[in-house]
S.K.: 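Supplied in structure tokens, the structure appears directly below.
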Amino acid sequence: MNLVLFGPPGAGKGTQARVLQEQRGWPQLSTGEMLRDASRAGTELGLTTRSLMDRGELVSDEIVIAIIAGRLDRPDCADGAVFDGFPRTIPQAEALDTMLRGRSRQIDLVIELKVKDDVLIERVEQRIREGGRVRADDTADTLRHRLDIYYGNTAPLLGYYRGQAKLATVDGMAPIAEVTAAVAGLIGTHAKSPDGSPGRPAGRNDLDVRAR
Ligand code: AMP
């Protein structure tokens with residue numbers, strides 16, 4: 001299954017992607033992680049993207065699309081993958097659809113982890129208080145900027161995927177284990193539905209699955 005985990009920065013996409021990778025063997029394709037690896041390795045890609053990332057700006061569509069295009073053909077993606085932090089713009093989503101179609105695959109399901117802004121800000125502030133800040137972009141101010149970008153550039157993808165009847169929503173403010181269970185429930189429902197839609201292909205609220 002090819003699954004997109006969707007949501008604002010800090011919603012828990014990475015946490016859930018790692019669980020899915022471990023439990024189901026679908027690799028976590030995190031463009032943010034790949035860019036941080038490139039930055040740590042000091043490659044040209046890492047050097048050109050680092051300051052944008054540190055400031056919470058988006059890297060160009062061209063760069064992240066090329067990264068994903070290269071990654072998709074690795075054998076571990078043959079049974080599917082979990083997209084974490086990609087796509088973040090409409091052109092990225094369109095490119096992803098085209099890339100998958102060219103490989104006789106498609107995005108099967110998009111799961112939005114819904115978390116209120118003040119909860120996201122509180123999470124980052126708590127991490128800083130506890131001394132757990134490990135990323136340059138992990139500050140309350142940068143997060144506020146990343147949220148502006150999320151609502152401006154990325155949230156429109158909700159409509160894009162709702163239009164394809166692929167979108168389901170989970171309460172990302174529930175405890176991690178409950179979010180994991182809700183995600184597993186959606187994947188199970190999708191696997192059983194013959195038309196490939198996430199459960200009942202009806203109105204928006206019908207697709208919402210609250211973790212509690
Ligand atoms: P993340 O780890 O997903 O929070 O991403 C960290 C940073 O990497 C983002 O703030 C962007 O600067 C960059 N980045 C990651 N994925 C993308 C993407 N799909 N499009 C543009 N920039 C991205």
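Just so you know, ligand 1 is whichever comes first in the structure, and atom 1 is the first atom listed for that ligand. The figures here come from the full heavy-atom set of this structure, side chains too, leaving out hydrogens, waters and symmetry mates. Numbers here simply count residues along the sequence, with the first being 1.
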S.K.: Answer with yes or no whether the side chains of Tyr160 and Asp97 bring together a donor and an acceptor at under 3.5 Å.
M.R.: yes
S.K.: Could you list the residues that satisfy salt bridge (Lys or Arg N to Asp or Glu O under 4.0 Å) with Asp141, not counting sequence neighbours?
M.R.: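 Expected list: Arg144.
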S.K.: State plainly whether the residues Arg129 and Glu122 are in salt-bridge range, i.e. N to O under 4.0 Å.
M.R.: yes
S.K.: Any idea which residues sit under 4.0 Å from ligand 1, heavy-atom distances?
M.R.: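 Within 4.0 Å of ligand 1, protein side: Thr31, Gly32, Leu35, Arg36, Met53, Glu57, Leu58, Val59, Val64, Gly85, Phe86, Arg88, Gln92, Arg135, Arg146.
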S.K.: Considering all heavy atoms of both residues, which atom of Gln16 and which atom of Ile176 are nearest to each other, and what is their separation?
M.R.: NE2-O, 3.5 Å
S.K.: Does this structure show an ion pair linking Asp137 with Arg135, if we count only N-O contacts that are shorter than 4.0 Å?
M.R.: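 Arg135 and Asp137: salt-bridged.
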S.K.: Are Ile68 and Thr31 packed together at the side-chain level, in the sense that at least one heavy-atom pair is separated by less than 4.5 angstrom?
M.R.: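 A side-chain contact exists here, since the closest heavy-atom pair is under 4.5 Å.
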